[in-house]
Amino acid sequence: MSVQDKTRWREWAESLRQEMMGGLTPQVTKSVDKITEETGTDKSRSVLHSRRFWNSCQAGKGANDTLVKAGFEIEFVPNEENEIDTVTLRLNHTWKAIMQRVLDRRVK
């Protein structure tokens with residue numbers, strides 16, 4: 001992943017997390033095509049729909065660690081062609097705990 005592409009992914013992930021925290025939404029499901037559009041990535045369609053790419057993102061290792069570092073847990077289910085069409089991004093334990101504290105303050 002190029003430095004420029006990694007920066008796009010990082011900025012997108014941080015913006016998405018802020019949006020989710022502001023909306024008190026612990027998870028979102030997005031199409032891979034929508035993620036491609038929103039990130040402005042230069043990765044090819046075949047790479048972005050590959051199970052290998054999302055497994056790497058999910059593991060948070062190497063060049064595809066951006067989403068995990070931004071505080072997301074990643075889930076996906078391959079389609080019949082073993083491609084990934086949608087991805088669920090869920091706030092990790094740390095961010096969910098922060099969100100819960102916000103919710104708890106609202107109740108008091």
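We use all heavy atoms of the structure for the numbers below, so side chains are in, but hydrogens, waters and symmetry mates are not.
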Asker: Using side-chain heavy atoms (C-beta onward) and a distance below 4.5 Å, is Q58 in contact with N55?
Answerer: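 The answer is yes; the side chains approach within 4.5 Å.
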
Asker: If you compare all heavy atoms of D33 against all heavy atoms of H49, which two are closest, and at what distance to 0.1 Å?
Answerer: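 The answer is OD1-NE2, 3.0 Å.
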
Asker: Closest heavy-atom contact between I74 and F76?
Answerer: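 Closest approach of I74 to F76, heavy atoms only: CG2-CD2, 4.1 Å.
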
Asker: Taking Q27 as the fixed residue, which of E73, E75, R90 is the one that meets the side chain to side chain donor-acceptor pair (under 3.5 Å) rule?
Answerer: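 Running side chain to side chain donor-acceptor pair (under 3.5 Å) over E73, E75, R90 with Q27 returns exactly one hit, R90.
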
Asker: Rounded to the nearest 0.5 Å, what separates atom CE in M20 from atom NZ in K96?
Answerer: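 If I round to the nearest 0.5 Å, the distance is 9.5 Å.
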
Asker: Atom CZ in R10, atom OG1 in T66: separation rounded to 0.5 Å?
Answerer: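 One gets 8.5 Å once the value is rounded to the nearest 0.5 Å.
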
Asker: Let me confirm one number: the CG-CZ distance from N79 to R51, rounded to the nearest 0.5 Å.
Answerer: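 If I round to the nearest 0.5 Å, the distance is 10.5 Å.
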
Asker: Could you give the distance from CG (N64) to CG (D5), rounded to the nearest 0.5 Å?
Answerer: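 The CG atom of N64 sits 9.5 Å away from the CG atom of D5.
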
Asker: Going by the angle between their ring planes, with limits at 30° and 60°, are W54 and W9 parallel, tilted or perpendicular?
Answerer: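 Ring orientation of W54 relative to W9: perpendicular.
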
Asker: Flag the pair T88 / V28 as yes when at least one side-chain heavy-atom distance between them is below 4.5 Å, and no otherwise.
Answerer: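 They are not in contact (no side-chain heavy atoms under 4.5 Å apart), so the answer is no.
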
Asker: Search all heavy atoms of L103 against all heavy atoms of L24 and return the closest pair with its distance.
Answerer: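 Heavy atoms of L103 and L24 come nearest at CD2-CD1, 3.5 Å.
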
Asker: Ignoring hydrogens and geometry beyond distance, is a side-chain donor-acceptor pair present between T41 and T36 at under 3.5 Å?
Answerer: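 T36 and T41 do not have a side-chain donor-acceptor pair below 3.5 Å.
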
Asker: Looking at D104 and R101, does any basic side-chain N land under 4.0 Å from a carboxylate oxygen?
Answerer: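 Not counted as a salt bridge, because no side-chain N and carboxylate O are separated by less than 4.0 Å.
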
Asker: Step by step, would you call K6 with E11 a side-chain contact (heavy atoms from CB on, under 4.5 Å)?
Answerer: CA-CA 9 Å; K6 191 159 179 104; E11 290 172 353; over 6 Å; no

Asker: When rounded to the nearest 0.5 angstrom, what is the spacing between OG in S31 and CG in L48?
Answerer: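 Those atoms lie 11.0 Å apart.
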
Asker: Please name the pair of heavy atoms, one in V32 and one in T86, separated by the smallest distance, quoted to 0.1 Å.
Answerer: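 Minimum heavy-atom separation between V32 and T86: CG2-N, 4.2 Å.
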
Asker: Side chain of T39, backbone of I35: donor and acceptor closer than 3.5 Å?
Answerer: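 Present.
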
Asker: For the side chain of R17 and the backbone of A70, is there at least one donor-acceptor N/O pair under 3.5 Å apart?
Answerer: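 Yes, R17 side chain to A70 backbone: donor-acceptor pair under 3.5 Å.
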
Asker: Mind listing the closest non-hydrogen atom pair of V68 and C57 along with its distance?
Answerer: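 The pair with the smallest heavy-atom distance is CG2-O, 3.2 Å.
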
Asker: What distance separates E38 CD from K34 NZ, expressed to the nearest 0.5 Å?
Answerer: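 Between E38 CD and K34 NZ, I get 5.0 Å after rounding to 0.5 Å.
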
Asker: Of all heavy-atom pairs between A13 and L67, which one has the smallest distance, and what is that distance?
Answerer: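 So the minimum-distance heavy-atom pair works out to CB-CD2, 3.8 Å.
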
Asker: Give the intermediate values and the outcome of side-chain contact (heavy atoms from CB on, under 4.5 Å) for residues L91 and M21.
Answerer: CA-CA 9 Å; L91 296 173; M21 292 296 289; 3.7 Å; yes

